[in-house]
Amino acid sequence: MAEQAVFQPGTGAIPATLVELTVMVVMFTKDDRETQWREFGRTEVIWNNLNPDFVKKFVMQYCFEQSQKLKFEVYDIDSQSADLSKHEQVIMQFRAHKLDKKDFFGKSDPFLTFYRANEDNTFTVVHRTEVIKKTLNPTWKPMTLSVRALCNGDYDRHDFIGDFTTSLRELTRGPGQTNVYECINEKKRRKKGQKYQNSGTVELMNVRVEKVYTFLDYVRGGTQMNCTIAIDFTASNGDPKSPNSLHYSSPYHASPYCNALRAVGNIIKDYDSDQLFPALGFGARLPPNGVVSHEFALNGNPQNPFCDGIEGVVSAYLKAITSIQLYGPTNFAPCINHVSKFAAAKPNGDEYFILLIITDGIITDMPQTCEAIVNAASLPMSIIIIGVGDADFEAMEVLDGDDVRLSSRGRYAERDIVQFVPYKEFMGRSGDNPAVVQARLAREVLEEIPDQFLSYMKSRNIKPRPPVQRQLTISSITSLPTSEQ
Ligand SMILES: *[C@@H]1O[C@H](CO)[C@@H](O)[C@H](O)[C@H]1NC(C)=O
């Protein structure tokens, strides 16, 4: 018997720098004799997901003796053409009465499975509720289903109580007689005949349809993004005159800081509304009198710390490195609090702040930084920490809070707002395609920003305003002298 090979495009297949993607994968094959690729099949389309798990499996004969070449093309389907229901979700809650008893010693452990009817009369699992143990009258938790989403179904078997069918339109009519369903077990009905009534009833308790807003909806609605850059000038980076220093630059060699600033700056700059970047430094002794500062304007002008574009930040950085003295300790909290102060003044969603910290990661004010981040987590703000060099970044992983939510003095951060990126790991090796390296870095840097942004807007119940029309306004009209004059 010929062997079969099964392909299932899965999580993480797509290196993307975009915020929204609507993805489909097409598989092509070619054998030794063929010169052209043949389309073998395509996956379903998944909306708004950078890590799609496709349900579609490609099954093909595996021929040991042949070289069977495969090609996968990943498409971003133009989301404009997709219908709008993808941005809606339904929140509903059900309970049931007098379900059949299934467990011999006790009651039942009921859950609901929702199937979506496909056009070809097959069904796909869209959602499964939690199991409620030992009851015939369960009330399930409210659940949220995206109108569009198809989740991976697993078809493991359970004791079947019964089923019913309905439609989303029907469900959106809300609780009441029309949304009480008799659960029917066909097999049991056939066996019991006339005596069978139902296997219990399931009742909709509440339902609401919500629009799901995307990051771009807010940006189109006029939310301004404000990116601030903060650079670590502490002595642990090494003497800038020594070639081993992370701050060592020469005409032939850009310092690791400079490289990281350019690479990451050019990624986040697309998010910034005005391309004027307030830039800060920390951990240095400043001229003229050698005062240590943990929060100074990189361009030496606290009244106007703005640098024009990323190259403006780079030149302010190169100038600063020659005039200041690397010192310490490495305190993050002052720069975080600096941006928080501005973010606190704009709680209504008109502005969102991103603080980019470039550092060697040897932090000395961990408790104060945790406190500052926990405070910032309730503001419209995100922090991206770029680690340069080879230091131990364990403290940065703690701040990142992906595994354990950050807390300070017993208080937990309201949201996760920190993304830590060890710069070196994303630089690849020489010989790697620079565009691919840049895309990988971009993905890592930006991955969490849209969700962090949306979690703020959602928690404050802020909806995007209608798209801002960028209009050309005529501020003055001058009439030219006519020839008769
Ligand atoms: C952006 O944030 C910085 C604080 O880091 C602040 O100095 C600046 O005024 C803000 N820019 C705008 C346009 O609000």
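Atoms within each ligand, like the ligands themselves, are counted from 1 in listed order. One-based numbering along the sequence shown. The figures here come from the full heavy-atom set of this structure, side chains too, leaving out hydrogens, waters and symmetry mates.
- Heavy-atom contacts of Val339 reach the following atoms of ligand 1: 5 (O) (cutoff under 4.0 Å).
- At a heavy-atom cutoff of 4.0 Å, ligand 1 is contacted by the side chain of His338 but not by its backbone.
- By the 6.0 Å contact criterion, NZ on Lys269 is enclosed, its count of non-hydrogen atoms from other residues, nucleotides or ligands being greater than 12.
- Scanning the protein for heavy atoms near atom 7 (O) of ligand 1, the closest one is Phe342 CZ, 3.4 Å.
- Of all atoms in ligand 1, numbered sequentially from 1 with element shown, those under 4.0 Å from a heavy atom of Phe353 are 1 (C), 2 (O).
- Of all protein heavy atoms, the one lying nearest to atom 14 (O) of ligand 1 is Glu351 OE2, 2.8 Å.
- Remark: minimum distance from atom 5 (O) of ligand 1 to any protein heavy atom is reached at Thr228 OG1, 2.7 Å.
- Without hydrogens or angle criteria, Tyr218 side chain to Ile462 main chain gives a donor-acceptor distance under 3.5 Å.
- Salt-bridge check for Asp451 with Lys458: failed, with every basic side-chain N at 4.0 Å or more from each acidic carboxylate O.
- Inclusion of Asp274 in the set of residues having an N or O under 3.5 Å from an N or O of ligand 1 is not warranted.
- Taking all heavy atoms of Leu280, Asn226, Leu355 into account, the minimum distance to atom 10 (C) of ligand 1 is reached by Asn226.
- From Tyr257, atom OH reaches atom CG of Asp232 across 3.5 Å, with rounding to the nearest 0.5 Å.
- Under a 4.0 Å criterion applied to the non-hydrogen atoms of Pro278, ligand 1 contributes the atoms 3 (C).
- Looking from atom 9 (O) of ligand 1 to the surrounding protein, the closest heavy atom is Phe306 CZ, 3.6 Å.
- Between Asp400 atom CG and Phe393 atom CZ the span is 12.5 Å, to the nearest 0.5 Å.
- Within the 4.0 Å heavy-atom criterion, neither part of Phe277 lies near ligand 1.
- If you look at Tyr317 and His247, their ring centroids are closer than 6.0 Å.
- Ring to ring, Phe233 and Phe296 are close: their centroids are under 6.0 angstrom apart.
- Taking CG of Asp272 as the start and CG of Asn226 as the end, the distance is 6.0 Å to the nearest 0.5 Å.
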